Each structure stands twice: as structure tokens, then as C-alpha cells.
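One structure is given below, encoded as C-alpha cells.
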Amino acid sequence: MSEEAPAGDAPHGAGTGDASDPAHDRAPSAPERHDAESDGPVSESQALHLLVNGGGQDDTERSEAVRAGAIADLIAERLNADAAGTRIGTLALFNDSVSFGGGFVTGGRSGARASGGPATIALDDAELSEYTELYIHPDSYDEALDLLRERHLLVLTGPPGSGREAAAVNLLAEAMAISGTSGGACHRILDPTMIAAPGWEPPAKNSGFLAVLDDGPAGAEAFGPATLRGLAAAVAGLRAARGHLVLVGGHELAVAASGTDGVAWHHLSGVDPVALVKRRVLGHGPEPGKEEELHALLDTAGATTALRERPSARHAARLASVITAEGDLMAEVAALRDPSDQVHAWFSLHHEPEAIGFALAAAVLEDSSYLTVSEAAMALRNALAPAGDAPPDVRFRDRLGYEQPWIELTFTERSMPAGPPRVRFRSSLLRQVVLAYAWTTLDGRREAVLAWLRRLLTHPDLEVRARAAVAAGVLAWADHDYAVHRFLKSWAGSTSWPVRQAAATALGLAGSRPEAAEPVWNLLHAWARGGSSAYERRLAGTAANAVAGLLGRATPERALDVLHDALDRKDDWGTLTPVAWGGVHLLHQGRAGHVLEAYLDWSAPQDLSPMVVKTLSAFVFAASHPYEETARDATGTVDGAVAGVPLLLSLLPSQRTRLAELWARALARKPVQDTALEALHRWIDDYADRCPGSLDEIRDLLVDISHRPGKHRERLLWWLEKWANDRERPSRHAAALRRAVERAA
């Protein structure tokens with residue numbers, strides 16, 4: 001099913017708010033605003049009137065558009081930087097063989113007992129030595145040991161790969177040693193459900209027993225509170241046999257144990273994985289200087305970063321074994337950090353709508369607050385599996401350590417000291433791989449994911465909208481043509497400006513990848529040159545918006561070619577506003593020289609042709625538009641910018657020659673002249689005092705204009721005198737500027 005619209009007016013269901021649109025939010029969280037430009041003015045007077053009145057959006061909408069675009073650009077830049085030199089975003093990433101060597105395999109060495117096989121197996125000396133010889137005690141280990149000694153049965157919970165089995169074996173060994181039992185051994189119970197069976201007795205005396213329960217129907221789900229309370233008989237048997245048992249599990253067992261009185265339960269604390277590597281490689285008493293050498297090796301190979309991204313005991317132990325065997329540590333670290341392996345393994349194990357919903361919400365909204373992400377995750381969860389009459393009792397935060405080990409809750413400078421935690425993937429590469437994998441692999445859920453993403457585009461929170469737009473760009477990497485026909489063209493032609501803004505952002509991100517650059521540029525040129533229907537004008541406007549972000553900053557010449565195509569559409573004036581805004585955004589991206597040179601070239605005939613009037617109108621619009629501080633300010637993109645003052649005034653010292661010529665053309669050309677005079681008046685009386693030194697620069701600018709052939713000098717003198725003697729609002733500076741122009745003659 002395609003949302004692509006035919007080449008005509010606004011199509012049925014093409015993101016216009018029509019209920020038939022499968023990707024439309026039928027109950028939007030924020031109303032979609034339909035700006036005046038959405039229907040596309042077709043006459044010169046309409047277009048110029050719209051431009052004079054701010055381009056069809058009120059001040060709030062303009063500010064939101066600028067801020068959302070700036071946020072999205074910064075996120076997109078980080079994504080591109082993170083993926084530099086990798087294969088992220090390509091389908092080949094998921095077509096290679098996958099080792100499944102990640103930290104998502106649950107259950108460790110446990111397994112179902114084969115029919116007719118032994119009920120338990122004893123751990124041999126080598127396995128015991130591997131677990132106990134170089135073991136590091138986690139926090140509160142002694143509390144767990146006391147519980148096991150006192151109760152004889154301990155429920156020990158922790159995420160898979162956290163070292164929970166090693167902790168269980170060490171607890172059993174120490175409990176047996178302290179109790180003075182001899183002749184016993186540690187045994188693994190292959191079918192843990194046997195423990196809850198009536199009449200179960202330990203198969204050996206003076207021994208320790210380990211039972212591992214996986215989450216799910218075949219494991220911990222069967223051990224609910226009632227089953228745990230029924231283990232009293234098993235405890236009595238253990239006491240009689242002087243035995244100890246540790247029942248190991250994950251989230252579901254922890255939930256059951258936490259709500260059951262009388263059960264000895266301990267949640268395992270994590271161990272610093274770097275400390276674990278050090279213990280495994282160097283032993284208990286390392287030689288002087290060896291620790292520094294090991295830390296240098298780990299840093300050089302990237303192992304420290306890898307263990308920060310995947311901080312499990314299993315991975316630390318694996319790296320330690322490679323180091324002690326003098327293996328290829330760099331290759332092992334690369335495999336550990338490979339996002340494709342992690343993502344493939346995780347999605348192979350997790351099919352529940354809750355888990356998938358949170359993973360995708362985190363991928364789209366990474367670095368947002370926990371409540372923002374969890375709300376979006378619940379919305380997607382309900383789309384994947386509609387809830388019943390009562391809201392489901394889903395608690396994502398309790399499950400993160402078990403189901404989402406790749407995600408962490410952090411506090412940033414924005415949220416400290418008591419603010420909300422932010423949701424982040426431990427690896428910067430995971431976000432886009434999760435999105436691309438889910439989009440290309442979860443075929444039965446693509447429709448629901450797209451509808452959910454579409455709803456986020458009109459969210460009240462600007463950051464949510466910006467992040468959703470960037471996510472759409474990541475999806476476009478996977479299959480450009482499919483993305484264009486499935487959702488991007490529909491969004492680009494929408495009557496809702498936030499949706500068009502999202503399409504522009506997504507296309508900008510998609511085109512920032514070398515492999516997709518040409519198809520994106522060709523598409524934008526085709527839209528810019530399209531027909532004159534309202535729908536096609538909106539496509540052209542989106543093209544103008546798209547090239548004014550990432551694409552325009554990287555290749556301003558090509559961006560201006562698209563703006564030229566969108567502006568030079570015979571007698572169609574409907575694209576003037578988006579092209580004028582595109583010029584403003586490029587100026588604010590630090591591309592003033594390119595923009596002004598293009599405006600000079602496009603208006604060179606200096607006649608009454610539509611292209612000249614449109615170009616000079618776009619210039620006056622840029623000269624009138626105050627610079628707004630955005631999320632990009634910290635990057636130092638625009639030097640000398642002053643908030644609340646048109647950027648062209650701030651740039652006057654470096655661009656005076658170009659600006660003098662454009663001002664002269666605009667002041668001399670009807671019907672642009674009236675708006676140009678008003679803009680110049682505001683430069684003199686509204687903005688000059690806010691921008692240090694600009695009054696002298698305006699004086700020199702006016703002198704330059706007055707020296708040009710024609711009536712420029714007479715025009716300036718007449719208007720400066722008029723403004724100086726205005727009875728209602730006399731100009732503070734016009735008289736002095738008039739004298740300067742006169743003297744310069």
C-alpha cells in the first residue's frame with residue numbers, strides 16, 4: 001500500500017488529515033496547524049502579501065520551525081559522525097552471517113533435562129575452579145551468604161550475563177565450607193520445576209545445588225508467588241540433608257520473589273567489568289606496573305569502551321581469556337562492539353510488544369526523558385497489541401536491566417541534580433541499527449511502526465518531533481525508493497507544516513549519505529520543477545526546506561540550484577515563501593556569501609520579470625528576518641550573529657559590496673520597493689542600536705548605494721528626510737545619515 005499522491009491537487013489520504021490515511025494520527029496529541037501557505041498562492045500580489053506578513057506562519061510557528069530544524073540537524077550530524085566508516089544503515093549489515101555471541105543469551109549452562117536423562121549433574125573440578133578461583137565479590141555478597149546459610153534456599157536474581165551463576169556457585173561453596181560439610185559436591189539441577197514437586201528431596205547429602213530458571217512460560221513464569229511459598233517442604237529437606245540450594249533467575253523470578261513473604265531473596269549487584277578483567281588476567285597479587293600495562297592495553301584496543309557499552313561479567317571474562325591466551329584482542333573487541341550482532345541477537349530473543357515498543361521508542365527518542373520515552377513506548381506497544389478495557393500493568397523501568405541491557409538511564413547537566421533521567425543506548429551505534437533492523441525485518445509490524453512515527457511528528461514537544469523526523473531519515477537509508485513512495489512524498493505534500501518539516505529533515509539526513517545523495521538530489525530537483533497544483537507546490541516548498549539544512553550546509557551550490565528551480569516556475573508564485581525561508585536558513589547556516597551571490601545572479605537582468613521580483617523579494621525578506629538563537633548556536637556556525645537582529649546587518653562589514661548592490665536593486669524595483677524601504681527604515685531605527693557599530697556600517701552602505709548610476713541618491717535623500725521629519729515617529733538617525741549621503745556626493 002502506498003501513500004504516494006498522484007500528480008495533482010492534495011490527494012485523498014495523503015497526510016492531509018483525511019481519516020483514510022493509514023499513517024495519519026486519528027487522535028493527534030497536538031493539533032496539526034494548516035498554514036496559509038499550504039494551499040499555495042498563485043498570484044504575484046498574494047505571494048508578496050504573504051511574504052510581507054511573515055511567510056504564512058505566526059511568530060510561534062516560525063520559532064518552532066527554526067528550533068525543531070536546528071535540533072534535528074544536530075541529532076543528524078551526530079548520527080553521521082557516529083556511523084563514519086561503518087556499514088550502518090545498509091541492508092548488507094544484516095545479510096552477513098551472525099555469530100550470536102552477544103550478551104542476550106539467557107540461561108547460561110542450564111538446559112531442559114532430556115527425557116530419561118539424569119536429574120542433576122555434578123560440577124567438575126575444572127568448572128568449579130573457573131567459577132571460584134579468581135572470583136570478585138559483588139556488593140552485599142555477605143548478606144546473600146548469610147541468607148543462604150540461614151535459610152538453606154536462596155533466590156538469586158540478576159540479568160543474563162551478569163555473573164549470577166558464578167555468584168551462586170561461590171555462595172554454595174562458601175556456605176558448605178562454613179557449615180563444615182565434607183564429602184559433598186556442587187550439583188546443577190537440570191529441571192528446576194522438580195524442586196516444587198511434592199516430596200522432592202535433595203539427591204545428595206552435604207551438597208550444594210544450583211538451578212537456573214529462564215524467563216518465560218517454561219521457566220520462571222511457572223515459579224509464581226504460590227510456587228515459591230510451597231517450597232517450604234524443599235527447605236525442610238535441604239536442612240535435613242545439610243544441603244544448600246540457590247535458585248537463579250531473571251526479572252520474572254525477581255517479581256515473584258519480591259512479592260512473597262518468607263522467601264530468602266537477593267538481587268545481584270554488578271561488578272566492574274574492568275576490575276574483573278584485571279583479576280582474571282593478573283590474579284590476586286599483580287606485579288608492580290602490570291596494572292598500568294593492562295589498562296593501557298585495554299584503552300588502546302578499545303576494550304574499556306566496549307565494556308562500558310556491554311558491562312557484563314560474561315564479556316569481561318571473554319576478553320580476559322583472549323588476553324591470557326595472547327589472542328587477537330582488537331578483533332574480539334570489534335566483535336563485541338559490532339551493533340549488528342547485538343541487534344540481531346536481541347530481536348531473535350524478544351518478540352513481546354512491550355520489549356519491542358521500548359527498544360524502538362528509545363531508538364527514536366534517545367536522550368529524551370524516561371517518561372517521554374515510556375509514554376511513546378506504551379503507544380507503540382498498544383498499536384502492536386491493542387490493550388483490553390483495563391490499561392496493561394507495564395513497568396518498563398523494572399525490566400530495563402533484564403530485557404534492555406543495551407539501554408541505560410543517565411543524568412545529564414540538563415537533568416541534574418534532581419531532574420528526570422534520560423534514556424540512552426550504551427553504544428552510539430545502536431540507535432540507528434535498531435531502527436534499520438526493525439524497519440527491514442519486522443514485516444508484520446511495519447504498518448504500526450509507521451503510523452506511530454507519523455503521530456510523533458505532531459507531538460507538542462519540539463524535541464520529540466525533531467527526533468521522529470531524524471528517525472524517518474534513518475529508515476530512508478534502508479530503501480530510499482520505498483521510503484519515498486511509502487511515506488516521504490505523502491509527508492512532503494501534507495497541508496501540515498510540522499509534517500512537511502519532518503519530511504524535509506528526513507530527506508536531508510537521507511541525502512547526507514554518499515550512497516543516497518544523488519537519488520535525493522534528483523528527487524528534490526524534480527519536486528522543485530514540478531507542476532503548479534497546490535499539492536505540487538507543497539512538494540516544491542518541502543524541497544526548498546530540505547536543502548536549507550544539512551544538505552545546504554555541506555553543498556550550498558547544489559542547494560541554491562534547487563531553490564532556483566523552485567523559484568523559477570514560470571508564472572507560479574506559490575513557491576516564493578518557502579524559497580525565501582530556504583534562503584534565510586542557508587544564511588543562518590553560515591552560507592551568506594553563496595546566497596547573496598546567487599541572489600545577485602538571479603536578479604541580474606534588473607527588469608520586471610517574475611524571477612527578478614521574486615529574487616529581490618526573497619532578499620528583502622532575509623534582510624527583514626531577525627536572527628533567532630537555536631540549538632546550533634553552540635557549534636559556532638554563524639560568526640557575529642546578534643539575536644533579534646537580521647543576520648545581514650551583522651554581516652554588513654564582510655558583505656557590504658554584495659549587499660549594496662542588492663539593496664540598490666530592491667529599492668529601485670517596483671513592487672519590491674515598498675517593502676525594501678520599510679526594511680531599510682527598520683535597520684536604521686529598530687536594529688542599529690542593538691548591533692554595535694552597525695550605524696556606521698549603514699552609513700557607508702547608503703553612501704555606496706548613492707554612488708550608483710540612476711536615481712539612487714535622490715531616492716535615499718528624499719526618504720531619509722521624510723523619516724527624519726515624520727510627525728508621529730521621527731527617526732533618530734535619518735537626519736545624520738542624510739547629511740552623510742549629501743556630503744559623499
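All values derive from a computational prediction rather than experimental measurement.
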Salt bridge flag under 4.0 Å for residues R558 and D561: no
Trace of the side-chain contact (heavy atoms from CB on, under 4.5 Å) decision for D674 with V52: CA-CA 10 Å; D674 291 342; V52 169; over 6 Å; no
Donor-acceptor under 3.5 Å (R708 side chain, D704 main chain): yes
Between D685 and H681: side-chain donor-acceptor atoms closer than 3.5 Å: yes
Heavy-atom side-chain contact between V645 and C691 under 4.5 Å: yes
Minimum side-chain heavy-atom gap E366-R467 below 4.5 Å: no
Pair E597 + R658, salt bridge at N-O below 4.0 Å: yes
Validation row: L48, L576 side chains within 4.5 angstrom (heavy atoms): yes
Nearest atoms (heavy-atom pairs only) where L677 meets L667: CD2-CD2, 3.6 Å
Donor-acceptor contact present, side-chain R665 to main-chain L600, <3.5 Å: yes
Minimum heavy-atom distance between A592 and L587, given as atom pair plus value: CA-CD2, 3.4 Å
Six-ring centre of W439, R446 cation under 6.0 angstrom, axis tolerance 45°: yes
Reported OG-to-CG distance for the pair S603 and L616, which is rounded to 0.5 angstrom: 4.5 Å
Q589 side chain vs R553 backbone, donor-acceptor pair below 3.5 Å: no
side-chain contact (heavy atoms from CB on, under 4.5 Å) between L648 and L596, worked out: CA-CA 10 Å; L648 290 181; L596 296 179; 4.1 Å; yes
Test item: L567 and L563 side chains (from C-beta on) under 4.5 Å apart, heavy atoms: no
Check: R513 side chain, W477 main-chain N or O, donor-acceptor pair, under 3.5 Å: no
Nearest non-hydrogen partners of R465 and P498, listed with the distance: NE-CB, 4.3 Å
Side chains of S532 and R537 in contact at under 4.5 Å (non-hydrogen atoms): yes
For S706 against L716, the heavy-atom pair lying closest together: N-CD1, 4.0 Å
Distance-only donor-acceptor check, side chains D689 and H733, under 3.5 Å: yes
Verdict with reasoning, R486 to E447, per side-chain contact (heavy atoms from CB on, under 4.5 Å): CA-CA 10 Å; R486 181 63 182 85; E447 181 79 17; 2.7 Å; yes
Straight-line distance of D568 CG to K614 NZ, nearest 0.5 Å: 6.5 Å
Pairwise side-chain contact, T440 with D479, heavy-atom cut-off 4.5 Å (strictly under): no
S533 and E536: side chain donor to acceptor below 3.5 Å: yes
Smallest separation among heavy atoms of A688 and S694, with atom names: O-OG, 2.9 Å
Interatomic distance, L737 atom CG to W719 atom CH2 [nearest 0.5 angstrom]: 16.0 Å
Spacing of CG belonging to L50 relative to OG1 belonging to T577, to within rounding of 0.5 Å: 4.0 Å
I684 side chain near S731 side chain, heavy-atom distance below 4.5 Å: yes
R729/D686 ion pair, N-O < 4.0 Å: yes
Aromatic ring proximity W723/W718, centre distance under 6.0 Å: no
Audit row: V499, R454, side-chain contact (heavy atoms from CB on, under 4.5 Å) steps and yes/no: CA-CA 8 Å; V499 177; R454 169 65 171 75; 3.7 Å; yes
Sidechain-backbone polar pair: T575 side chain, A566 backbone, donor-acceptor under 3.5 Å: yes
Donor-acceptor contact present, side-chain S494 to main-chain W491, <3.5 Å: no
Any L649 side-chain heavy atom under 4.5 Å of I698 side chain: yes
Residues that D461 engages under side chain to side chain contact (heavy atoms under 4.5 Å, CB included), provided they are two or more places apart: H459, E463, V464
Separation between OG of S43 and NE2 of H49, rounded to the nearest 0.5 Å: 10.5 Å
Flag, side chain of R569 to backbone of A528, donor-acceptor distance under 3.5 Å: yes
Spacing of W581 atom CH2 and F621 atom CZ [to the nearest 0.5 Å]: 4.0 Å
Proximity of Y687 and W683 rings by center, below 6.0 Å: no
E678/R682 salt bridge by N-O under 4.0 Å criterion: no
Expected output: side-chain R690 to main-chain G644 donor-acceptor under 3.5 Å: yes
Atom of V547, atom of W521 and distance for their closest heavy-atom approach: CG1-CZ3, 3.7 Å
Qualifying residue for side-chain contact (heavy atoms from CB on, under 4.5 Å) with V364, from L453, L475, V474: L453
Audit row: E661, R656, salt bridge (charged side-chain N to carboxylate O under 4.0 Å, His left out) steps and yes/no: CA-CA 9 Å; E661 179 61 28; R656 197 174 77 198; over 6 Å; no
Check: T542 side chain, A492 main-chain N or O, donor-acceptor pair, under 3.5 Å: yes
T555 side chain vs G552 backbone, donor-acceptor pair below 3.5 Å: no
